[in-house]
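Keep in mind the model is a prediction, meaning the values are calculated, not measured. Every number for a ligand or one of its atoms is a count from 1 in the order of the listing.
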Amino acid sequence: MSLIVQKYGGTSVGSIERIKAVAAKVCKFRQQGHDVVVVVSAMSGETNRLISLAKEIQKNPAPRELDVLVSTGEQVTIALLCMALMELGQDARSYTGAQVRILTDDAFTKARIQEIDVDRMKADLQAGRVVVVAGFQGVDEAGNITTLGRGGSDTTGVALAAALKADECQIYTDVDGVYTTDPRVVEKARRLDRITFEEMLEMASLGSKVLQIRSVEFAGKYNVPLRVLSSFQEGPGTLITIDEEFSTMEQLVVSGIAFNRDEAKISVRGVPDQPGVASRLLAPIGEANIEVDVIVQNLAADQTTDITFTVNRNDMNKARQVLQKVADELGAREVVADDTVVKVSVVGVGMRSHAGVASTMFKALAADNINIQMITTSEIKISVIIDEKYLELAVRSLHTAFGLDKASA
Ligand code: ADP
Ligand code: ASP
Ligand code: MG
């Protein structure tokens, strides 16, 4: 007998019919003799709906109150799922994050889990119940409701699996696994049987929202066996695994293509080329809590330099304001911002031992006449910033160039 933590995403609990289907699925696992802890998201669209309600009142909603508001989405689905389980004769109990006591820090809207009390869940399991926990939420030391950032139910699932020492954490969603790239964008995307934690972490960080980044970090850190599966069809899904378990024979150099549409580019042009300039420009950005991603500096012939970097689109206007002030102090020529760029990345642990990935990438983009605005690399990824209008074309071309297309049916 094993203990399984199953997380069902928004689409999987998007209607009463679907909630009933989830209940039936959970009962099947119970009948096979497994203990089951279920984590659910809010019904699809609900979190967005709640956020827009808040924004009708406050342009930048008060974070503490926003968390009180958005956490209600998951409170609805835990109760409905328990009712559906009971209708099938399966005893079940629902818990909010605070009731379990998923203790987090007090960073509203992006809290981190610190500790999970497993006693109550264990007692329920012992009594033959299914435990249903609200994803995405916790409580801070002072008793305030917190949430874990968009997509945070994945993290709740993995964190519960780690705390309960579950045999597996299963993430049920609307695709049947992790694909070489978003199957909604590239029809020829292939499901991967396995992917390493490291690659999955890069894919998630670079924009593949199939798993929240933190859930992958957690799973890697606590070595939680993690699988992504479809709620709607049977199948093996994708196992997220540690590197050594891979047979290098079948391993591709590039395992996936990720992309992120939430990018914006800001350039400060004509800055005097002196030591300390980059730090003078970037320090206030950090102080404003804005994350900077790709950074490029180029030197002009006239002893001035241009510094360009990317930020999240939501932060672009704030970043521009902050920068304009320092740019004026430094006597820079101008600050320009552009929110029509995207980031496309190729990811693969195989890059460590294979040369030529960058040239294959750049050649494929050049063949489609796609101009590369910025480039950044790490050991297992190469990212480029390009015009957003070429996103789909670039992803499809790279998918083909790296031999990822599935054999046509
Ligand atoms: P859930 O509501 O179940 O958490 P999400 O919408 O958060 O589901 O994540 C599933 C979606 O992630 C898929 O519908 C798919 O469009 C998208 N996605 C992006 N990149 C990938 C990828 N590499 N593999 C699979 N799905 C991906
Ligand atoms: N409901 C939350 C969201 O939409 C958390 C989740 O679904 O994982 O972001
Ligand atoms: Mg999700």
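Under 4.0 angstrom from ligand 1, the non-hydrogen atoms of D182 come from both its backbone and its side chain. Of all the heavy atoms of T181, the ones lying under 4.0 Å from any atom of ligand 1 belong exclusively to the backbone.
Residue contacts with ligand 2 include E74, since one of its heavy atoms falls under 4.0 Å from the ligand. Within the structure, ligand 1 has P183 among the residues with a heavy atom less than 4.0 angstrom away.
The distance from ligand 2 to the heavy atoms of S41 drops below 4.0 Å at these ligand atoms: 6 (C), 7 (O), 8 (O). Listed by atom number, the atoms of ligand 2 under 4.0 Å from R150 heavy atoms are 3 (C), 4 (O), 9 (O).
At a threshold of 4.0 Å, the pair R101-D117 does not count as salt-bridged, since none of the basic side-chain nitrogens sits closer than that to a carboxylate oxygen.
Protein heavy atom at the shortest distance from atom 4 (O) of ligand 1 is K7 NZ, 3.0 Å. For atom 14 (O) of ligand 1, the closest non-hydrogen atom of the protein is R184 NH2, 2.5 Å.
No N or O atom of S12 sits closer than 3.5 Å to an N or O atom of ligand 1. In terms of polar-atom proximity, T47 is counted as a contact of ligand 2, with an N or O under 3.5 Å from an N or O of the ligand.
Remark: D106 pairs with D140 by the side chain to side chain contact (heavy atoms under 4.5 Å, CB included) rule, at least two apart or across chains.
No side-chain donor-acceptor contact under 3.5 Å links E388 and Y390.
Screening S231, S230, P183 for a side-chain contact (heavy atoms from CB on, under 4.5 Å) involving V175 leaves a single residue, P183.
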